[in-house]
Structure formats: structure tokens, C-alpha cells
Amino acid sequence: MKVGIYTLGCKVNTYESEYVTKCLTENGYEICNFDDICDIYIINTCTVTNTSDIKSRKIIRQAKRRNPSSCVVAMGCYIQKKEELIPEIDIAIGNKDKSNIINLIEEYFKNKEKIDVVIDRKELNTFEDMFIDKYLSRTRAFVKIQDGCENFCSYCIIPFVRGKCRSKDFNKTIEEIKTLVKNGFKEIVLTGIHTGNYGRDINTDFATLLKEIVKINDLKRIRISSIEITELNKEVLDIIKNNDIIVDHLHIPIQAASNEVLTIMNRKYDIEYFKNKINEIRAIRPNISITTDIIVGHPGETNEVFEKSIDILKEINFSKLHVFPYSKRDGTVSATLPQIDEPTKKERAHTLLSLSKSLELNYMNKFINQDLEVLFERTIDGYSIGHTSNYLQIKVKEIIESGTFKNITLEKIEYPYIIGKIKGN
């Protein structure tokens, strides 16, 4: 049978979809383009914003319209909310039982009856073990080491759909990474819903895991998908300081550059703490790229607060801002507060996006005429494209095999790329 898979949302979803793909191919299913006429469509949904909900529903309905006799499987965070299981869904899976997808599909085709295995989020208390030995279309391999979140930031729906924090078995994590490296993957991206929380439920911690990963032979890069500022403790920073295998890039969400808004958001730090920690990081890695997430237009963000936030973001000097207009999520504390109008949010988002581009260009300019190692990932229109350790996107006018590292002289910016040439050419 032909299967099309569509993934929305985060790197955790990407990992889980890759695992589902592996299960299907190993059981004789044919993976096709999602836009093809398929027997089965699988949509791994997201619910982090209202837009995510809308897109999840849209993709589900489009799949059923494309082939009304198909089996539509919808899984993930939007389905876990279970506010509305739209009629186009034949198999509903929340954030448990994704690894059981083969049995569920076989049951559906045997009985031709809808299946709903979404459980209450309070029962999401064990890590659903998955193991990937290769990726079909990537040069960097994601490894999901953690699931769930218990921070309950006032704006966020994710703790309600991902459940409590739970971690992948320590030895299985190391084994999975070693297997991926053995199969040719030189860069590993550690990912989770609350990645830095790893290990607290299994009597270990994130620093201990990193110490073991850096020992793996032939692994060239470790990238952390995202980490909270409060989890960059002395132990983690010591590992970053002493191991170049950990890339020169950290993504650290600030979410708001204002103590007033951070308090409303129920974040676990203030601006002074954040700035001091960033200074600690730059003291050990002076050229590191530090990117961030910021929510614009959250309740409590007055015009004065917003203007001060711009100054703080400039002072911290991130290398890029990922800007998200605040999205009201029913069931969260922030949804009960006075809301900021959409035009204001849109205008502020535009301002921050302009600031982000300026910050990004300033950071990129620091590396012009320098030589950096690039992992090449794809080829487009005669150019090979890849990333440096500090996550600069590089284009070279040569065909370079995907998965190859090359030392590149960076010559000029053609935003969002830096154009370079192989060192010595």
C-alpha cells in the first residue's frame, strides 16, 4: 500500500515521523509523496498556535478529499487536545502509541471501523521508546532524548498535550547515537520537548549524557536543538568549554525581553539572570551563535515595555530572533488576561523581524574572509548548500556530495546565505 506522510511542528515531530516511516518501510509499505493518490495518509499534527491547529485540520481534510477511500491517520499534539476529532480522521493517535501504528493500520483495514486510541494526558508518563538507525533524506540525524514539559508557562498549551517530563533510557540513547554515527551521520541533533530536563526521572542528568556522547568515535558535531537558560549550569558549560565537538551554536528561548512580561509568562528567570548567563557562555565561546525565540504581543506588553525590549534584545546581541506573535490558547492562564489587538501584534512582529535581520547580518559579517568547516546537505541550481558549526548557511558554486565536510573560505553575503569557495581554490 502507498503511504503519504506530512509533518507539522517541531524537531520532535520530525523524529517521530521518521520512526513511523521506518516502521512502514520495514513492513512493506511504499512511502510516496504526500500529494500523490495514496491508500494511507499520516499527518503528524501540531497545536503550539492557532495557526498550527488550522493547518493541521486543513492538511487532514485535503488528504481525505484527494482520496476519499483512503485511511487518514492523524496523530500528535493537535489530536491529543481532542477538542474536535474531525470526521475525516479514521485513526486518531495522540502522543502515545505512535510506535504501534502498523497494528492500528492493519486493524483498521481488517474491520473498516474508526479507531481512537488517544489517552488522557495524565497517563502520558512513560517514554515511548523509538530507535532510528538511519535517515533517508537528511545529513544531520535527530535523536529524541526527552518528552513532556512541566514548566506550565502561562501562554503554553504544550504541557497539556505532551504530559509530564520523561527521558529515553541512557544506554539506549548512547546506542542509538553510536548506530547513527556508524551508518555515516557525523552530526547529531539532540531534541526533546524540554531537552535540558533530560534524566531527572531516571536518576541522571543532561550533563552526564553529554559527557558520554562526546566520547563517541567518529562523531564530529553535537547540536542541542534548544535549551532553557536555567539549564546551562556549570557542569553543562564546562562540557561546552572543553569539547569542540559541541557546535558553536546554542538556541536559548528568551520568550520576552521584559521582567514584567516574564513574570506574567511564569518563566523561571529574569533579564539580569539571562544576560549574566549569556556573558558566561561568551566568555568560554567568544564567537558562538546564540539564537532565540521571542513572543510578541503577549498580555502585559505595553508600548513602553515593547520599546525597552528592543533595547535589551540589541544589548544581548543575539545572532537571530525567531519571532512568534502571541497566540491565545484556551485552557492557559494567558488566555484569561486582557489581549493585545492583532494589528499591534503584527506591527511589532514586523519590527522584531527587521531587527533580527540586522542582528543576523552583523553576525554573518564577522566571518567574511575566514575559513570555516561546512557540512554540506543539498545541491540546488549548481550550488552546494550546508551549515557551519555556528549555523551559518553557506553556498558554494560546486557540486559537493551531501554529508561531506569541507573547509570553506567565506567571501560575501547574499542573505540568507554566505557565498564561499573551497579553501585553496
Side-chain angles (χ1 to χ4, degrees), residues 11 134-143 177-191 210 213-225 227 237-252 281-291 317-320 357 359-425:
K11 290 182 175 67
K134 61 181 178 294
Y135 280 75
L136 300 178
S137 58
R138 292 184 176 273
T139 52
R140 290 180 287 144
F142 297 163
V143 175
I177 295 171
K178 284 182 175 178
T179 302
L180 286 162
V181 173
K182 183 180 177 182
N183 288 336
F185 292 90
K186 303 299 185 185
E187 180 175 322
I188 300 295
V189 183
L190 303 178
T191 190
L210 284 179
I213 294 172
V214 297
K215 300 175 187 175
I216 295 174
N217 292 332
D218 298 322
L219 176 57
K220 291 201 67 169
R221 288 182 183 173
I222 302 166
R223 197 175 295 276
I224 302 164
S225 62
I227 190 166
L237 290 181
D238 281 348
I239 299 165
I240 292 172
K241 177 181 179 180
N242 296 313
N243 292 276
D244 289 341
I245 192 172
I246 297 175
V247 298
D248 234 6
H249 170 236
L250 287 171
H251 185 76
I252 310 170
I281 296 165
R282 287 184 172 138
I284 62 173
R285 290 279 189 102
N287 289 321
I288 194 168
S289 169
I290 299 176
T291 57
N317 196 26
F318 293 105
S319 51
K320 187 173 185 176
K357 185 174 180 180
L359 292 169
E360 197 172 357
L361 287 168
N362 287 341
Y363 184 75
M364 294 166 83
N365 267 306
K366 291 171 61 175
F367 299 93
I368 298 302
N369 297 322
Q370 292 193 27
D371 299 328
L372 293 179
E373 191 173 49
V374 177
L375 171 59
F376 285 93
E377 299 166 35
R378 64 191 190 278
T379 301
I380 300 175
D381 297 331
Y383 281 92
S384 294
I385 298 172
H387 284 90
T388 59
S389 168
N390 56 346
Y391 216 52
L392 298 172
Q393 198 168 192
I394 310 302
K395 284 176 73 172
V396 175
K397 187 69 172 175
E398 291 196 36
I399 303 301
I400 301 171
E401 184 180 357
S402 176
T404 300
F405 283 91
K406 294 282 186 183
N407 286 318
I408 302 298
T409 302
L410 310 189
E411 295 186 312
K412 62 178 180 178
I413 297 171
E414 289 186 7
Y415 185 84
Y417 302 101
I418 297 180
I419 305 300
K421 67 178 181 181
I422 297 176
K423 184 180 178 182
N425 280 12

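Just so we're clear, the structure is a prediction, and the values are computed from it rather than from any experiment.
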Exercise. Of the non-hydrogen atoms in Phe142 and Tyr135, which two are nearest, and what is the gap between them?
Worked result: O-OH, 2.5 Å
Exercise. Which one of Lys220, Lys406, Lys423 satisfies the side-chain hydrogen bond (donor to acceptor under 3.5 Å, both in side chains) criterion with Glu373?
Worked result: Lys220
Exercise. Rounded to the nearest 0.5 Å, what separation is found between the NZ atom of Lys395 and the CD1 atom of Ile419?
Worked result: 5.0 Å
Problem set entry | Pairwise distance CD1(Ile394) to CG(Leu410) - rounded to 0.5 angstrom | 4.5 Å
Exercise. Cation-pi between Lys186 and Phe405: NZ/CZ under 6.0 Å from ring centre and within 45° of the ring axis?
Worked result: no
For this session: Could you go through the side chain to side chain contact (heavy atoms under 4.5 Å, CB included) check for Leu237 and Ile284 one step at a time?
Result: CA-CA 8 Å; Leu237 290 181; Ile284 62 173; 4.2 Å; yes
Problem set entry | Heavy-atom side-chain contact between Tyr391 and Thr291 under 4.5 Å | no
Problem set entry | Student check: side-chain heavy atoms of Leu372 and Ile418 closer than 4.5 Å | no
Seminar exercise, completed: Heavy-atom closest pair (Tyr415 atom, Met364 atom, distance to 0.1 Å) is CD1-SD, 4.1 Å
Exercise. Does the Thr404 side chain pair with the main chain of Phe376, one donor and one acceptor, at a distance under 3.5 Å?
Worked result: no
Exercise. How about Phe367 and Thr388: do any of their side-chain heavy atoms sit closer than 4.5 Å?
Worked result: no
Exercise. Between the main-chain N or O of Ser389 and the side-chain N or O of Arg223, is there a donor-acceptor pair closer than 3.5 Å?
Worked result: yes
Seminar exercise, completed: dist Asn407:CG -> Asp371:CG (nearest 0.5 Å) comes out at 7.0 Å
Exercise. NZ of Lys366: more than 12 outside heavy atoms within 6.0 angstrom?
Worked result: yes
For this session: Enter the distance from Ile245:CD1 to Leu219:CG here, rounded to the nearest 0.5 Å.
Result: 4.0 Å
Exercise. What closest approach, in Å, do Ser384 and Thr379 show between heavy atoms, and which atom pair accounts for it?
Worked result: OG-OG1, 3.6 Å
Exercise. Nearest 0.5 Å, what's the CG-NZ distance between Asn183 and Lys134?
Worked result: 7.0 Å
For this session: Would you indicate whether the side-chain heavy atoms of Asn243 and Ile222 approach each other to under 4.5 Å?
Result: no
For this session: Flag the pair Asp381 / Lys397 as yes when at least one side-chain heavy-atom distance between them is below 4.5 Å, and no otherwise.
Result: no
For this session: Any chance you could lay out the side chain to side chain contact (heavy atoms under 4.5 Å, CB included) test for Leu180 and Arg140, step after step, and finish with the verdict?
Result: CA-CA 10 Å; Leu180 286 162; Arg140 290 180 287 144; over 6 Å; no
Exercise. Does the side chain of Leu359 come within less than 4.5 Å of Asn317's, by heavy atoms?
Worked result: yes
For this session: Given side chain to side chain contact (heavy atoms under 4.5 Å, CB included), test Leu210 with Leu190 step by step and report yes or no.
Result: CA-CA 10 Å; Leu210 284 179; Leu190 303 178; 3.8 Å; yes
Exercise. Which heavy atom of His249 sits nearest a heavy atom of Ile288, and at what distance?
Worked result: N-CG1, 3.7 Å
Exercise. What distance separates Ile188 CD1 from Ile177 CD1, expressed to the nearest 0.5 Å?
Worked result: 6.0 Å
For this session: Carefully, step by step, assess Thr139 and Glu187 under the rule side chain to side chain contact (heavy atoms under 4.5 Å, CB included).
Result: CA-CA 8 Å; Thr139 52; Glu187 180 175 322; over 6 Å; no
For this session: Considering non-hydrogen atoms only, spot the tightest contact between Ile227 and Ile224 and give its length.
Result: CB-CG2, 4.1 Å
Exercise. How far apart are the closest heavy atoms of Ser319 and Tyr363, and which atoms are they?
Worked result: CB-CG, 3.6 Å
Exercise. Are side-chain heavy atoms of Ile400 and Ile422 found at a separation under 4.5 Å?
Worked result: yes
